[in-house]
Protein chains: 2
Amino acid sequence: MATVSSRLKDVATLAGVSIRTVSNVVSGSASVAEETRARVQAALDELGYRPNLAARNLRAGRTGLIGLAIPELYSPYFGELASLIVEAAQHRSWTVVIDQTFGSPEAERRLLEGTGGRMVDGLIISPWSLRPQELTARARDIPVVLLGEQRAPGVADRIAVDNVLAADEATTHLLETGRRRIAAIGLQPQLHNDTARQRLEGYHRALRRAGLPPDEALQQPVRALHREDGARAMAALLESGARPDAVFAFSDELALGALHMAHEHGLRVPDDLAVVGFDGIEDARYAHPPLTTVVPDKKQIAERALQCLADRIYSPAAAVPPLDIAVPHHLEVRASTSAATPPTGSVPAGPPPTG
Amino acid sequence: MATVSSRLKDVATLAGVSIRTVSNVVSGSASVAEETRARVQAALDELGYRPNLAARNLRAGRTGLIGLAIPELYSPYFGELASLIVEAAQHRSWTVVIDQTFGSPEAERRLLEGTGGRMVDGLIISPWSLRPQELTARARDIPVVLLGEQRAPGVADRIAVDNVLAADEATTHLLETGRRRIAAIGLQPQLHNDTARQRLEGYHRALRRAGLPPDEALQQPVRALHREDGARAMAALLESGARPDAVFAFSDELALGALHMAHEHGLRVPDDLAVVGFDGIEDARYAHPPLTTVVPDKKQIAERALQCLADRIYSPAAAVPPLDIAVPHHLEVRASTSAATPPTGSVPAGPPPTG
DNA sequence: CTGAAAGCGCTAACAG
DNA sequence: CTGTTAGCGCTTTCAG
């Protein structure tokens with residue numbers, strides 16, 4: 001029945017009580033006589049009362065909103081991550097406002113400065129192109145959680161997988177299947193971002209342990225981490241005469257692009273070329289052949305990010321020094337690196353059905 | 001420099017002017033003497049002033065927030081759509097708060113009732129399981145835009161592609177490549193949702209026009225629209241003895257699952273089986289073989305949804321009757337339905353690089 | 001061009 | 001148990 005808006009005051013008038021009593025009924029904070037409560041409730045229902053959040057927030061000094069700033073929402077990895085964060089936030093009665101930075105330093109800076117004005121109680125940001133010192137310089141008035149490799153010592157909590165270790169494991173797996181000319185796709189030399197650097201380091205470490213010197217010709221830089229960049233990098237590798245027998249791609253999207261290009265060139269995967277990705281996105285499972293990939297525990301990333309925010313928002317007194325959290329990961333071995341696809345017709349194991 | 005918060009009043013005191021003048025400088029609404037402005041600006045900078053949105057909103061009666069309610073953020077279609085909506089909203093200085101309904105009627109109902117209390121100025125919702133009359137019953141106090149097939153006559157604007165036509169085109173395309181036993185994957189008989197029904201209708205229409213009676217054995221229902229459901233449906237079709245020579249899947253995810261299962265069964269695509277999807281997600285382009293798909297103009301969906309909201313929020317007086325908008329789509333033909341993949345090593349045409 | 005002050009809707013401290 | 005009221009920070013009307 002509500003036409004446009006009704007205030008506490010309107011309900012009070014209708015119920016013949018004071019504003020205070022209505023507030024008590026709504027919030028359940030103080031006890032109200034049963035008879036009064038019923039009358040107020042009736043008025044509440046009749047007017048279709050809904051509290052004005054702006055007023056409530058102004059009063060409380062909190063908004064119940066947290067910000068999530070990611071480079072892009074349309075890529076599978078960030079889509080999956082955002083979904084988990086939104087879900088975890090709902091459980092804690094928070095609402096998530098999402099911003100896309102598209103990797104632009106300006107956008108990231110603007111967000112750290114205030115998401116348009118202290119509208120959020122906390123911020124989860126996955127910085128892409130901001131340097132550590134810039135991260136350090138901001139984020140004074142609200143709690144910030146950093147996702148990924150960039151760190152802001154002494155200022156914000158940070159959550160990431162152990163990239164060096166994960167890359168080492170992926171490369172070692174390829175070595176164990178007998179590959180010797182393992183290419184790396186995903187360096188981003190132009191970026192102030194340690195992700196690629198760490199994965200490269202793990203890749204080198206595994207090679208050296210196997211007595212193989214890293215070969216520059218097998219390391220292919222990219223502009224971004226999308227499928228088309230992977231395809232382009234693969235093409236460059238194949239045409240350069242570097243003759244790789246395996247590829248470690250720094251993201252699943254890159255790997256899928258590389259896979260595509262390998263097919264275009266008539267290569268058989270994994271026989272002629274083995275491929276490993278990174279991120280554990282759902283697409284990888286259904287690629288042809290299914291893609292071996294490093295799977296970070298995204299659910300845990302989401303949970304812990306919110307845990308960090310909650311701790312700092314609700315107990316700012318506790319003043320724990322910023323945490324540096326490593327979440328677990330595992331290598332999911334699939335047909336893109338192992339023998340042949342079994343000819344059975346089974347549905348790959350997946351998450352439980354939603355419907 | 002800002003420690004925790006500074007108010008207009010603090011800035012005014014520091015600059016030795018009144019609150020009013022500071023407000024003018026901040027908003028640029030009224031003209032201020034150059035000398036005063038400089039002094040105020042200095043104070044603003046020194047204190048690191050940032051306006052309190054809650055207060056501003058309380059005053060203005062607006063929040064600058066719009067809600068986006070979708071079944072799930074992790075699936076590629078909704079991820080891409082959400083990305084475009086968030087981006088389009090940024091251009092209009094709106095911030096998007098995202099809710100996932102996971103197709104639950106309760107969640108959708110709760111959101112339409114008020115997203116936790118009139119916190120948003122408008123709502124874009126992609127209803128999945130709510131019946132039309134429920135949609136009609138709500139959404140009185142803020143503008144609502146419906147995405148998809150469900151309509152709420154007289155209450156909300158609605159934006160969708162012409163599903164019947166699109167499904168007809170996809171099926172006709174398969175017929176034109178000589179297929180005769182075309183399966184349909186994606187019926188959802190248990191849902192109060194017209195999407196699948198309309199796509200089935202278009203499929204039937206094309207078949208009948210070609211003189212082919214629809215065959216129940218070729219119509220495979222699913223529980224959800226994800227890859228695993230597509231794989232399961234394909235397996236069921238192949239084991240049922242229905243012997244399809246083509247598949248029209250009602251979503252790209254279903255199609256990718258079907259493709260996967262076809263490979264598992266040793267079928268060659270498109271020679272033994274042609275596959276068409278629906279949604280135009282990026283994954284489709286890089287599938288093996290690349291997937292023919294119906295591509296809705298998602299960018300236009302996003303733009304028009306925001307246009308609708310803007311019109312109703314800023315000019316409620318205009319009171320245009322609810323619009324029913326059909327956005328364009330096209331069939332993108334790729335190797336999953338056409339002859340053989342060209343053996344060239346080109347990168348598929350894609351969106352311009354982000355980096 | 002600038003100052004004073006009202007009031008947006010809500011919560012909570014302070015009576016009664 | 002319930003009424004009255006101050007005040008969160010901002011915008012804006014009304015004076016000056």
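Here is the naming used below: chain letters follow the sequence lines, and residue numbers restart at 1 for every chain. On a predicted model such as this, the values are computed, not experimentally measured, just so you know.
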Please give, in whole Å, the distance from dC10(D) C1' to D10(B) CG? 13 Å
Without decimals, in angstroms, what is the distance between R62(B) CZ and dG9(C) P? 14 Å
side-chain N/O T36(B) vs dT2(C) OP1/OP2, d < 4.0 Å: yes
If only side-chain N and O atoms of S23(A) are considered, is one of them under 4.0 Å from the OP1 or OP2 phosphate oxygen of dC10(C)? no
Counterpart residues, side chain to side chain donor-acceptor pair (under 3.5 Å), relative to D157(A) (two or more places apart): R312(A)
Please report the closest heavy-atom contact between Q150(A) and P127(A), naming both atoms and the distance. CB-CG, 3.9 Å
What is the separation between atom CD on E34(B) and atom C1' on dC1(C), rounded to the nearest whole Å? 13 Å
Counterpart residues, side chain to side chain donor-acceptor pair (under 3.5 Å), relative to S126(B) (two or more places apart): none
Give the nucleotide from the list dC10(C), dT11(D), dT2(C) with an atom nearest to the side chain of V32(B). dT2(C)
With sequence neighbours excluded, residues passing side chain to side chain contact (heavy atoms under 4.5 Å, CB included) with S83(B): L73(A), Y74(A), Q100(A)
Might you list the N or O atoms of the protein lying below 3.5 Å from N or O atoms in nucleotides 6-8 of chain C, with each pair's distance?
| unit_1 | atom_1 | unit_2 | atom_2 | d |
| --- | --- | --- | --- | --- |
| dG7(C) | N2 | R59(B) | NH1 | 3.0 |

Tell me: NZ of K9(A) to P of dC10(C), nearest whole Å? 11 Å
Nearest-angstrom distance from the residue atom CZ of R37(B) to P of dT2(C): 10 Å
Between CG of L44(B) and C1' of dG9(D) the distance, given in whole Å, is 14 Å
Cut-off 3.5 Å, no hydrogens considered: what does the side-chain donor-acceptor table look like for residues 296-310 of chain B, sequence neighbours left out?
| unit_1 | atom_1 | unit_2 | atom_2 | d |
| --- | --- | --- | --- | --- |
| D297(B) | OD1 | K299(B) | N | 3.4 |
| D297(B) | OD1 | Q300(B) | N | 3.0 |
| D297(B) | OD2 | Q300(B) | NE2 | 3.3 |
| K298(B) | NZ | E80(B) | OE1 | 3.2 |
| K298(B) | NZ | D279(B) | O | 3.0 |
| K298(B) | NZ | G280(B) | O | 3.0 |
| Q307(B) | OE1 | R92(B) | NH2 | 3.0 |
| Q307(B) | NE2 | D311(B) | OD1 | 2.9 |

To the nearest 10°, let me know how far the axis at one end of the helix from dC1(C)-dG16(D) to dG16(C)-dC1(D) is tilted from the axis at the other, five pairs an end. 40°
For the residue pair W128(B) and F78(B), does the interplanar ring angle fall in the parallel (under 30°), tilted (30 to 60°) or perpendicular (over 60°) class? perpendicular
Once side chain to side chain donor-acceptor pair (under 3.5 Å) is applied, do any residues pair with T13(B), and if so which ones, sequence neighbours excluded? none
Listed by chain and number, what are the side chain to side chain contact (heavy atoms under 4.5 Å, CB included) partners of S18(B), not counting sequence neighbours? R20(B), T21(B)
Contacts of type side chain to side chain contact (heavy atoms under 4.5 Å, CB included), residue L44(B), not counting sequence neighbours: V11(B), V22(B), V25(B), V26(B), V40(B), Q41(B), Y49(B)
Nearest whole angstrom, please: distance from the P of dT2(C) to the CZ of R39(B). 9 Å
Taking side chain to side chain donor-acceptor pair (under 3.5 Å) as the test, write out the residues that go with S23(B), two or more places apart. none
Between R56(A) (CZ) and dG9(D) (C1'), how many Å, whole number? 19 Å
Short N-O contact, D324(B) and R158(B), less than 4.0 angstrom: yes
Residues from residues 14-22 of chain B lying under 4.0 Å of DNA chain C - heavy atoms: V17(B), S18(B), R20(B), T21(B)
